[in-house]
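All remarks here apply to the structure that follows.
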Protein chains: 2
Amino acid sequence: MRNTLADVVSAALRVLDENGLEGCSMRRVAAELDVQPSALYHHVPNKQSLLALMADVIVDGVGERDAGVPDEDGGGHSGMALARNACLAMRSAMLAVRDGADVVATAAAFRLGASAVEQRLAEWVGADGARTLLFYTFGQAQSTQTHRHAASLGALIGPESGRAGQRSGTNGAPSDPVLELDASFERGLDIILTGLESEHRATGAPTNGILH
Amino acid sequence: MRNTLADVVSAALRVLDENGLEGCSMRRVAAELDVQPSALYHHVPNKQSLLALMADVIVDGVGERDAGVPDEDGGGHSGMALARNACLAMRSAMLAVRDGADVVATAAAFRLGASAVEQRLAEWVGADGARTLLFYTFGQAQSTQTHRHAASLGALIGPESGRAGQRSGTNGAPSDPVLELDASFERGLDIILTGLESEHRATGAPTNGILH
DNA sequence: ACCTGAACACCGTTCAAGT
DNA sequence: ACCTGAACACCGTTCAAGT
């Protein structure tokens, strides 16, 4: 027995992190395992399934308990606070590997409603709230990662590529778009959570609008 | 003069709509124009720029005035209502062409803050609100389109693929995931708009938290 | 069960050369 | 300005055959 499925998946994640999604070809994953490309098809039916397995590993454990984000106050967590932490953990997990957000978002779209994170979120903020939070988190992470990539390319050309006045400090907004994206994530999250809170208050019922 | 840039872009959009993003190769676009693949590189530096131009055409006009969504009441529109309409129009525009959401979302990530729709949205609901709405709209549309694609594949296998009890009607939720996705979009939108409204009320200032 | 070797039908992009 | 022809360095996937 030369390689197991887990070997293939972790090799693929290594290739992804080093070469990005575009450079993550079946042929390169095979090379990482010192194996012919066709050997991969013994473990996996096609590239898409491999990407789905990779997505599972990337978000593994997020939302199980509030992983990755420590308690801020010792008290009991409200559903909102739990959901907030889960989204922060989710974003961190996706950003931890190159193009992780793309991989996870694409895979998540396929089994909408069936993912572990979404179901946990739904318990806390209802089905609509869970989806809204997830879509926002995916989109924000994808955008952050796109800009990181662009920034790393720009760094090769030159640190200051022609932008006339580098405004910062006076208006309080960071000029670097990726820092701005990091900072704005929580603000957007809070907008959604605020909306869920007043919806909750208005109905008097749990945050799920359909069943009681 | 055989072909103009506009010819190339609209040929590419035709190929996209018929073959999807994966089937939208430079070689197929060239074939659509009865031209060699290399001829495209006279009009466009690479495939990515072509996709960006396609994205511009797909969302063209959205947010300029509240295009695509009619007035519901004759009265003046609040910023919230304008933003709501812009998001609905945006989603419709993306869903109108196969894999349109993917194409637009990827292109939009590159020039975050610079797109016409985002700037109009920012006037109405502030910079953070605009981003939150856009990320949600992109993610929701991508997911909808993924499920439509999956459904069209499933339809080839069989209309009723093994799900035991087709629950619907009693609990009010459609069992078809793509219908559910269509219906839930506005609910998520309203969650975000509600959050923006109470943020607005709380600060007393316009919805942009940074500059008044 | 796990892998090789060879093939098939594709890709994006470059570049000299034509008109 | 717009295009051809040919090439380069790749893809994902299949399949008979080996051990």
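Note that the structure is a prediction, hence the values are computed from the model and not measured. Sequence lines set the chain letters: A, B, ... in the order given, protein chains first and strands last, and positions in each chain run from 1.
- Between the CG atom of A:L33 and the P atom of C:dA1 there is a distance of 20 Å, given to the nearest Å.
- In this structure, of C:dC3, C:dT4, D:dT4, it is C:dC3 that holds the atom nearest to the side chain of A:H42.
- By the side-chain contact (heavy atoms from CB on, under 4.5 Å) test, A:H149 is found to be paired with A:R98, A:S152, A:L153, residues two or more places apart in sequence or in another chain being considered.
- Within the 3.5 Å criterion, the main-chain N or O of B:I192 finds no donor-acceptor partner in the side chain of B:E197.
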Could you walk me through whether A:D7 and A:R2 pass salt bridge (Lys or Arg N to Asp or Glu O under 4.0 Å), step by step? CA-CA 10 Å; A:D7 292 334; A:R2 300 281 280 277; over 6 Å; no
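- The same atom, P, is picked in C:dC10 and in D:dA9; the two are 22 Å apart, to the nearest Å.
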Residues 20-39 of chain B side chain polar contacts: donor-acceptor under 3.5 Å, at least two apart:
residue	atom	partner	partner atom	Å
B:S25	OG	B:R28	N	3.1
B:R28	NE	B:G23	O	2.9
B:E32	OE2	B:R14	NH1	2.5

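- Salt-bridge annotation for A:E180 and B:R131: present, with a side-chain N of the basic residue lying under 4.0 Å from a carboxylate O of the acidic one.
- When the P atom of C:dA1 is taken as reference, atom NE2 of A:H43 falls 12 Å away, rounded to whole Å.
- In A:Q119, the CD atom is crowded: over 12 heavy atoms of neighbouring residues, nucleotides or ligands sit closer than 6.0 Å.
- Across the protein-nucleic acid pair, B:N3 atom CG and D:dA1 atom P stand 16 Å apart, rounded to whole Å.
- Of the N and O atoms on the side chains of A:R91 and A:T144, at least one donor lies less than 3.5 Å from an acceptor on the other residue.
- Side-chain contact between A:F110 and B:H147: absent, with no pair of heavy atoms (C-beta onward) separated by less than 4.5 Å.
- With pairs defined as Watson-Crick or G-U wobble and both atom distances under 3.5 Å, the stems of at least three pairs that touch DNA chain D come out as C:4-8 with D:12-16, C:12-16 with D:4-8.
- Under a 3.5 Å cut-off, the side chain of B:Q142 and the backbone N or O of B:D102 do not form any donor-acceptor pair.
- A donor-acceptor pair under 3.5 Å links the side-chain atoms of B:N46 to the main chain of B:S49, judged by distance alone.
- For residues 97-108 of chain A, proximity to DNA chain D is found at no residue, defined as any non-hydrogen atom under 4.0 angstrom from a strand atom.
- Side-chain atoms of A:Y136 come within 3.5 Å of backbone N or O of A:F185 as a donor-acceptor pair.
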Once base and sugar-phosphate atoms are separated, protein heavy atoms under 4.0 Å mark nucleotides 12-19 of chain C, 5' to 3', with B, S and - as BBBB----
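- Not one N or O on the side chain of A:S143 forms a donor-acceptor pair closer than 3.5 Å with the backbone of A:G139.
- The stretch residues 8-22 of chain B does not touch DNA chain C, since none of its heavy atoms comes less than 4.0 Å from the strand.
- The pair B:R111-B:E118 does not meet the salt-bridge criterion, since no charged nitrogen lies less than 4.0 angstrom from a carboxylate oxygen.
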